[in-house]
Amino acid sequence: MNATALSDAAPNSVGEDEMQHSLSSQIGLLLRFAQAAVWGDLLDTFKPFGFRPQHYAALKIVDSKPGCKQQDLGGALGISRSNLVMLIDELVEQKLIERRQNLEDRRSNALHLSARGRALLPELDRGQQAHEGRLASLLEEGEQEILVALLRKLGKLRKLDVT
């Protein structure tokens, strides 16, 4: 049931409208419904590329920090080592990133975008920008900045650095 259904549904029994009001005003529940809607749109954005949002985020991080270590990428993405290895393997298999020996620490790999990855990134960026445009179209002037500030505050609950 989505937030609108929670607030708009007719009560079926005594006290149900109080329960629905209580649920429809819970921050965590509303965030979860909003997250599901936003995530679904983001999945749809990258689906034509055979990508998930994690693929895009990994490419953006490697693009902004050429030569980064795999563990640094995993930390930035907030994913486990095993999931990170699978993600990197997928991107290497698609010839979007390259693992190179880290010249500073020969025990680790340095990640770099391949020529194919650099060529694809602008197209992925356009998809991401279209997604952001769809989100922005739902907000009135000034609300986007307020929403971003509030989400950053809430990210502190788990000490997430989303700046």
Side-chain angles (χ1 to χ4, degrees), residues 1-10 17 19-80 83-84 86-97 111-163:
M1 182 178 288
N2 63 35
T4 303
L6 282 174
S7 62
D8 294 344
D17 60 342
M19 180 183 71
Q20 288 173 348
H21 175 70
S22 172
L23 292 176
S24 68
S25 63
Q26 289 183 12
I27 294 170
L29 187 61
L30 290 172
L31 277 173
R32 179 63 184 103
F33 288 135
Q35 184 269 340
V38 171
W39 189 253
D41 186 73
L42 196 53
L43 289 172
D44 291 345
T45 296
F46 293 119
K47 190 174 186 174
F49 302 98
F51 269 39
R52 295 185 316 272
Q54 300 90 315
H55 291 107
Y56 175 71
L59 290 177
K60 290 297 285 185
I61 292 167
V62 172
D63 182 49
S64 69
K65 297 182 180 188
C68 66
K69 295 179 185 177
Q70 288 185 193
Q71 64 259 30
D72 294 337
L73 176 61
L77 292 172
I79 61 175
S80 70
N83 288 340
L84 174 66
M86 288 181 3
L87 177 66
I88 292 172
D89 285 348
E90 290 171 2
L91 293 170
V92 168
E93 185 177 306
Q94 294 177 33
K95 300 186 183 337
L96 297 171
I97 64 170
L111 301 174
H112 296 270
L113 284 185
S114 67
R116 185 169 185 237
R118 280 190 301 281
L120 181 61
L121 201 51
E123 195 171 343
L124 295 170
D125 285 338
R126 284 190 293 277
Q128 171 65 19
Q129 290 164 359
H131 165 74
E132 288 290 318
R134 289 188 294 277
L135 294 177
S137 73
L138 299 172
L139 302 172
E140 294 178 17
E141 187 175 331
E143 286 181 330
Q144 184 171 353
E145 293 79 15
I146 293 168
L147 178 60
V148 167
L150 293 171
L151 291 172
R152 285 187 176 144
K153 279 185 177 183
L154 292 174
K156 292 177 183 179
L157 183 64
R158 299 285 278 210
K159 297 178 178 62
L160 298 175
D161 182 12
V162 290
T163 57

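Throughout, numbering of the chain's residues begins at 1 and tracks the sequence. Excluded from the calculations below are hydrogen atoms, water molecules and symmetry mates; all remaining heavy atoms, backbone and side chain alike, are included.
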Say you draw a straight line from [atom1] of [X] to [atom2] of [Y]; how long is it, rounded to the nearest 0.5 Å?
{"X": "W39", "Y": "D44", "atom1": "CH2", "atom2": "CG", "result": "12.0 Å"}
{"X": "R118", "Y": "H112", "atom1": "CZ", "atom2": "NE2", "result": "10.0 Å"}
{"X": "K47", "Y": "L42", "atom1": "NZ", "atom2": "CG", "result": "13.5 Å"}
{"X": "L84", "Y": "I88", "atom1": "CG", "atom2": "CD1", "result": "3.5 Å"}
{"X": "L96", "Y": "L120", "atom1": "CG", "atom2": "CG", "result": "6.0 Å"}

Considering non-hydrogen atoms only, spot the tightest contact between [X] and [Y] and give its length.
{"X": "L113", "Y": "V62", "value": "N-CG1, 3.6 Å"}
{"X": "K60", "Y": "L121", "value": "CD-CD1, 3.8 Å"}
{"X": "T45", "Y": "Q128", "value": "CG2-N, 4.1 Å"}

| field | Listed partners of S80 passing side-chain hydrogen bond (donor to acceptor under 3.5 Å, both in side chains), at least two apart | value |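 Scan of S80 (side-chain hydrogen bond (donor to acceptor under 3.5 Å, both in side chains), adjacent residues dropped) gives S82, N83.
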
| Listed once per pair and sorted, the ring pair (Phe, Tyr, Trp, His ring centres under 6.0 Å) pairs that draw on residues 114-153, sequence neighbours left out |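 Found none.
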
Validation: residues 51-58 side-chain donor-acceptor distances under 3.5 Å, sequence neighbours left out:
| unit_1 | atom_1 | unit_2 | atom_2 | d |
| --- | --- | --- | --- | --- |
| H55 | ND1 | R52 | N | 2.8 |
| H55 | NE2 | E90 | OE1 | 2.6 |
| Y56 | OH | D125 | OD1 | 2.5 |

| query | Should the heavy atoms of other residues, nucleotides or ligands under 6.0 Å from CG of L138 be counted, would the total exceed 12? | reply |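 Enclosed.
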
| message | Testing the 3.5 Å rule here: is there a donor-acceptor pair between the side chains of R32 and Q35? | response |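 The answer is yes; a qualifying pair exists.
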
| field | For I61, all residues meeting side chain to side chain contact (heavy atoms under 4.5 Å, CB included), sequence neighbours excluded | value |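 So I61 forms a side chain to side chain contact (heavy atoms under 4.5 Å, CB included) with L73, A76, L77.
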
| query | Under the salt bridge (charged side-chain N to carboxylate O under 4.0 Å, His left out) test, which residues partner D89, sequence neighbours left out? | reply |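 Residues passing salt bridge (charged side-chain N to carboxylate O under 4.0 Å, His left out) with D89: R99.
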
| message | Once salt bridge (charged side-chain N to carboxylate O under 4.0 Å, His left out) is applied, do any residues pair with R134, and if so which ones, sequence neighbours excluded? | response |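 If we apply the salt bridge (charged side-chain N to carboxylate O under 4.0 Å, His left out) test to R134, skipping adjacent residues, the hits are D41.
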
| Validation row: L31, L151 side chains within 4.5 angstrom (heavy atoms) |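 Answer yes - side chains close enough.
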
